[in-house]
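Worksheet for the structure shown next.
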Amino acid sequence: MPELPEVEIFKRYLDATSLHQPIEGVEVRNAYILKKTSARELARRLKKRGFESSQRHGKHLFVRTDGGFWLRFHFGMTGSLQYFKNNEQVPRHARVVFVFANNHRLAFDDQRQFGGIDLVRDVDEFLKKHALGPDALEIDLWEFRKILRKCHGVVKSVLLNQRIIAGIGNLYADEILFRVRMHPATAVSRLNDKALTRIFRAIGYVLRKAIAAKADANQMPQSWLLPHRGKDGKCPRCGTRLKSANIGGRTAWFCPRCQKPAVHKSGL
DNA sequence: CTAGATGTTAAGGT
DNA sequence: CACCTTAACATCTA
């Protein structure tokens, strides 16, 4: 479930398994994943090279090679990384497999193929070209408020917009709004600085805590929305049956009692 | 069989 | 032009 915390976990996984090893080859099992490069170019750029460091921005993971350019991973809805020994079974939906000289491989597994891999020369250039906003864990309060004060639209859509802030996806947007007890369809224009500050703090808290839980829903607190989201879930605070609504084309889950739509107030 | 699922983006509308 | 919404992408599960 690759939102910012999941991608951060993938980054740590890659750092712990796949750095500083000569790459013998790249197996492209499904070229659909390669949107702006080719199997041939990947092989040419990576062979006999190694991954030397990585950095994350929002939901994008950039891996620097000792050839001087970067590999970019985006995990879409179902992407993940799997490091495994040569004699072990290749993951079911492995689309690209990096073969290392040490008898191990790293697979980019992606059932639905909404993810992708690219080569980029410069990370900042990529971020600028795609107009990505600042990373949700890098931004500071003042910048956050400054950006949000200029936003129109409903709060959930704004949090999901990667060009405003990068890294928050559907599940964590719901979690953040649950934490501040705000209805997902609240207009951002009616939020005062105090409300924006509370959202900012909730973003940092939820994302950091999710990372600490290894982005594993089973390790997140029962007091969160996430373990109860969907199905016949009940609000962990008040026990009310959770409600869903389609907001900005995505399903929002929230507690209709704790997260009432603001009517006249401009804050919380 | 149909609907919906964690994401992004092109295309259409206002 | 700026902004918002919808559909499409590929695949699996409820």
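The chains referred to below are lettered A, B, ... by the order of the sequence lines, with proteins before strands, and numbering in each begins at 1.
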Whole angstroms only, please: what is the [atom1]-[atom2] distance between [X] and [N]?
{"X": "A/Met77", "N": "B/dA3", "atom1": "CE", "atom2": "C1'", "result": "13 Å"}
{"X": "A/Glu3", "N": "B/dT8", "atom1": "CD", "atom2": "C1'", "result": "13 Å"}
{"X": "A/Lys59", "N": "B/dT9", "atom1": "NZ", "atom2": "P", "result": "10 Å"}
{"X": "A/His60", "N": "B/dT9", "atom1": "NE2", "atom2": "C1'", "result": "12 Å"}
{"X": "A/Leu160", "N": "C/dT5", "atom1": "CG", "atom2": "C1'", "result": "14 Å"}
{"X": "A/Leu171", "N": "B/dA5", "atom1": "CG", "atom2": "P", "result": "10 Å"}
{"X": "A/Ile165", "N": "B/dT8", "atom1": "CD1", "atom2": "P", "result": "14 Å"}
{"X": "A/Lys156", "N": "C/dC4", "atom1": "NZ", "atom2": "C1'", "result": "17 Å"}

**Asked** Say you pick atom C1' in B/dT8 and the same atom in C/dT13; how far apart are they, in whole Å?
**Response**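 It works out to 23 Å between them.
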**Prompt:** Which whole number of Å gives the distance between the P atom of C/dA10 and that of B/dA11?
**Reply:**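 Pairwise P distance, C/dA10 against B/dA11, rounds to 16 Å.
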**Asked** What residues form a salt bridge (Lys or Arg N to Asp or Glu O under 4.0 Å) with A/Asp110, not counting sequence neighbours?
**Response**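 Salt bridge (Lys or Arg N to Asp or Glu O under 4.0 Å) list for A/Asp110, sorted by chain: empty.
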Side-chain polar contacts of residues 248-257 of chain A - donor-acceptor pairs under 3.5 angstrom, sequence neighbours left out - could you list them?
none

Taking N or O atoms only and anything under 3.5 Å, show me the protein contacts with nucleotides 1-3 of chain C, one pair per line.
none

**Request:** Determine, for nucleotides 7-14 of chain C in 5'-to-3' order, which nucleotides have protein heavy atoms under 4.0 Å from the base (write B), from only the sugar-phosphate (write S), or from neither (write -).
**Result:** --BBBS--
**Message:** Tell me if a side-chain donor or acceptor on A/Thr186 pairs with a main-chain N or O of A/His183 at a distance below 3.5 Å.
**Reply:**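 At least one qualifying donor-acceptor pair exists.
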**Item:** Partner set under side-chain contact (heavy atoms from CB on, under 4.5 Å) for A/Arg64, not counting sequence neighbours
**Value:**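 For A/Arg64 the side-chain contact (heavy atoms from CB on, under 4.5 Å) partners, ignoring immediate neighbours, are A/Glu52, A/Ser53, A/Trp70.
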**Item:** Residues forming a side-chain contact (heavy atoms from CB on, under 4.5 Å) with A/Ala187, sequence neighbours excluded
**Value:**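 side-chain contact (heavy atoms from CB on, under 4.5 Å) list for A/Ala187, sorted by chain: A/Ser189, A/Arg190.
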**Request:** Would you classify A/Arg229 as touching base, sugar-phosphate or nothing, given that sugar-phosphate means primed atoms plus P, OP1 and OP2, and contacts are heavy atoms under 4.0 Å?
**Result:**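 Sugar-phosphate, backbone atoms only, no base.
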**Request:** Classify the nucleic acid contact of A/Gly249 as base, sugar-phosphate or nothing, counting any heavy atom under 4.0 Å across all strands shown.
**Result:**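 Nothing, no heavy atom under 4.0 Å.
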Ring pair (Phe, Tyr, Trp, His ring centres under 6.0 Å) involving [X] - partner list, sequence neighbours excluded:
{"X": "A/His57", "answer": "none"}
{"X": "A/Phe126", "answer": "A/His60, A/Phe62, A/His130"}
{"X": "A/Phe84", "answer": "none"}

Validation: residues 213-228 of chain A side-chain donor-acceptor distances under 3.5 Å, sequence neighbours left out:
unit_1: A/Asp216; atom_1: OD1; unit_2: A/Asn218; atom_2: N; d: 2.8
unit_1: A/Asp216; atom_1: OD2; unit_2: A/Gln219; atom_2: NE2; d: 3.2
unit_1: A/His228; atom_1: NE2; unit_2: A/Gln222; atom_2: O; d: 2.7

**Request:** Assign each of A/Thr251 and A/His130 to its nearest nucleotide of DNA chain B by heavy atoms, then name whichever residue's nucleotide is nearer the 5' end.
**Result:**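 Checking each residue's closest nucleotide, the 5'-ward one belongs to A/Thr251.
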**Message:** Check the orientation of A/Tyr83 and A/His104. Use parallel for under 30°, tilted for 30 to 60°, and perpendicular for over 60°.
**Reply:**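 Ring orientation of A/Tyr83 relative to A/His104: parallel.
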**Message:** Assigning hydrophobic clusters by single linkage (Ile, Leu, Val, Met, Phe, Trp, Tyr; side-chain heavy-atom cutoff under 4.5 Å), is A/Ile165 placed with A/Leu132?
**Reply:**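 No, separate clusters.
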**Message:** So, using side-chain hydrogen bond (donor to acceptor under 3.5 Å, both in side chains) as the criterion, who are the partners of A/Arg112 when residues are at least two apart?
**Reply:**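 A/Arg112 satisfies side-chain hydrogen bond (donor to acceptor under 3.5 Å, both in side chains) with no other residue.
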**Prompt:** When you look for runs of 3 or more Watson-Crick or G-U pairs in a row, both distances below 3.5 Å, which of them include DNA chain C?
**Reply:**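 Result, WC/G-U stems under 3.5 Å: B:2-5 with C:11-14, B:7-14 with C:2-9.
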